[in-house]
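Note that this is a predicted model, so its numbers are computed, not measured.
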Amino acid sequence: MDLVTAKGVVFLLLFCLSQKCWAKRGSEEMRQQVQGNANRLIDYLFNNYTTLIRPRINQAETVRVHFDIAMKQVIDVDVKTQQMTLFLWQRQTWIDDFLSWNPEDFGEIDQLFISPTKIWVSDVIFQNSVDDFEQLKDTTIIKALVMHSGQVYFFRPTLKSTTCKMSVRYFPYDSQVCSFQVGSWMLSEDQVDIRVLAFDSAVSGFVTHHEWHLAERMTYRCNLTVPVNMGSLQKNMSFPFLEFLFLFQRKPEFFEKNLIVPTALICALR
């Protein structure tokens, strides 16, 4: 290798090393800039934020919470206790006036993933569930998605048991209807108004069960009016809630093959 070629190789190596250094330096500067914008945004949103009041600048306004249930799997059916355990996705969204910002002021960051323990979350619960109120426990793994417009999306899985008035008169060709009632635990309609979340079909994505088929889901919005007498506060208050009805049809094939047909053959041979 002559001297000219050797100098060219050395120059090329030095050039490549310098490019890598500049790229690494540029990447580090970009990372620090993004983290700095995110930290500024967090300070901007949560400097005076409190979860003790409803997320409305005008506290006379109602917070509208849109809620939905996506059925995912039948875990257990107990005819004796009239209970069915189901794996669900509960999905809710609302607007928080105190969690909005201009993305241009924070490096085009237009969304954040925030722990639900740090923001206001409605007290909407399953009111007819037979298990404990586990949805009230703190959640650290599942985050709420907060958009720059103040729109908050909080989707989370849950395991729920509910009572179903089961009748096996037409077994194994029977159908069972189970329901969930979902609503605010303490807040009336003028404070929190719950509505059905317009989402994709709650039947799609259902994990096939060997015995039960999810045939249909129906949703109704209802109002419960109760008289309230607390000192100077004496009036009728309306508490809205959603009722989700799930129609399950038993799959008869297994019982036809292993119960009905053998029994019929035994009877025919006698």
Side-chain angles (χ1 to χ4, degrees), residues 34-35 37-39 41-47 49-56 63-76 84-101 103 106 109-162 178 180-187 192-207 214 217 219 241-242 244 246:
V34 172
Q35 290 180 341
N37 289 330
N39 290 331
L41 177 55
I42 294 297
D43 292 339
Y44 172 78
L45 293 177
F46 293 99
N47 186 30
Y49 189 90
T50 178
T51 61
L52 301 180
I53 61 174
R54 294 179 303 110
R56 284 289 178 268
V63 179
R64 178 163 291 181
V65 177
H66 289 83
F67 191 96
D68 190 25
I69 294 176
M71 179 70 64
K72 291 302 179 181
Q73 188 175 2
V74 174
I75 303 299
D76 182 57
M84 182 175 287
T85 303
L86 306 167
F87 178 61
L88 315 166
W89 272 98
Q90 61 181 70
R91 310 177 288 199
Q92 55 181 311
T93 180
W94 63 92
I95 293 178
D96 191 320
D97 291 345
F98 305 114
L99 293 179
S100 61
W101 70 92
F106 300 95
I109 297 176
D110 60 357
Q111 62 183 31
L112 290 174
F113 292 93
I114 304 294
S115 170
T117 60
K118 297 183 180 297
I119 63 175
W120 181 90
V121 177
S122 69
D123 63 342
V124 172
I125 64 171
F126 291 80
Q127 298 181 345
N128 66 330
S129 176
V130 297
D131 43 22
D132 63 0
F133 291 149
E134 57 87 21
Q135 65 267 31
L136 297 181
K137 298 178 182 178
D138 289 344
T139 302
T140 57
I141 298 178
I142 301 173
K143 308 297 183 183
L145 173 61
V146 181
M147 306 301 295
H148 67 90
S149 61
Q151 192 80 40
V152 181
Y153 297 93
F154 186 33
F155 297 173
R156 59 172 298 184
T158 185
L159 196 66
K160 285 294 171 188
S161 296
T162 184
C178 296
F180 285 105
Q181 293 179 359
V182 179
S184 174
W185 184 249
M186 291 188 63
L187 302 178
V192 170
D193 183 17
I194 184 170
R195 298 279 178 168
V196 179
L197 175 61
F199 215 82
D200 58 347
S201 174
V203 177
S204 63
F206 179 72
V207 177
L214 177 59
R217 189 203 78 165
T219 307
F241 65 92
L242 302 178
F244 298 89
F246 296 94

Any idea which heavy atoms bring [X] and [Y] closest together, and the distance?
{"X": "Met147", "Y": "Trp101", "value": "O-CZ3, 3.6 Å"}
{"X": "Gln90", "Y": "Phe126", "value": "OE1-CE1, 3.1 Å"}
{"X": "Ile142", "Y": "Pro116", "value": "O-CD, 3.1 Å"}
{"X": "Trp94", "Y": "Pro55", "value": "CD1-CG, 4.3 Å"}
{"X": "Leu187", "Y": "Asp123", "value": "N-OD2, 3.9 Å"}
{"X": "Ile119", "Y": "Ala144", "value": "CD1-CB, 3.9 Å"}

When you compare the side chain of [Y] with that of [X], does any pair of heavy atoms fall below 4.5 Å?
{"X": "Trp89", "Y": "Ile69", "answer": "no"}
{"X": "Ile114", "Y": "Ile42", "answer": "yes"}
{"X": "Leu86", "Y": "Phe180", "answer": "yes"}

Could you tell me which residues satisfy ring pair (Phe, Tyr, Trp, His ring centres under 6.0 Å) with [X], sequence neighbours excluded, listed by chain and number?
{"X": "Phe98", "result": "none"}
{"X": "Phe46", "result": "Tyr49"}
{"X": "Phe244", "result": "none"}

Nearest 0.5 Å please: distance from the [atom1] atom of [X] over to the [atom2] atom of [Y].
{"X": "Lys72", "Y": "Phe87", "atom1": "NZ", "atom2": "CZ", "value": "8.5 Å"}
{"X": "Leu145", "Y": "Phe155", "atom1": "CG", "atom2": "CZ", "value": "8.5 Å"}
{"X": "Lys118", "Y": "Thr51", "atom1": "NZ", "atom2": "OG1", "value": "10.5 Å"}
{"X": "Leu214", "Y": "Phe246", "atom1": "CG", "atom2": "CZ", "value": "7.0 Å"}
{"X": "Met71", "Y": "Leu88", "atom1": "CE", "atom2": "CG", "value": "5.0 Å"}

Of all residues at least two apart in sequence or in a different chain, which pass the side-chain hydrogen bond (donor to acceptor under 3.5 Å, both in side chains) check with [X]?
{"X": "Gln181", "value": "none"}
{"X": "Gln35", "value": "Arg31"}
{"X": "Thr219", "value": "Arg217"}
{"X": "Asn39", "value": "none"}

Sequence-distant partners of [X], side chain to side chain contact (heavy atoms under 4.5 Å, CB included), two or more places apart:
{"X": "Thr85", "result": "Ile75, Asp76, Leu159, Ser161"}
{"X": "Ile95", "result": "Arg56, Asp97, Gln151"}
{"X": "Arg64", "result": "His66, Asp193, Arg195"}

message: Given 3.5 Å as the limit, does a donor-acceptor pair link the side chain of Ser115 with the main chain of Lys143, or not?
response: no
N/O donor-acceptor pair under 3.5 Å between Asn37 side chain and Ile109 backbone: no
message: Suppose we screen for salt bridge (charged side-chain N to carboxylate O under 4.0 Å, His left out). Which residues come up paired with Asp110, at least two apart in sequence or across chains?
response: none
query: Can you check side-chain contact (heavy atoms from CB on, under 4.5 Å) on Ile194 and Val182, steps first, answer last?
result: CA-CA 9 Å; Ile194 184 170; Val182 179; 4.2 Å; yes
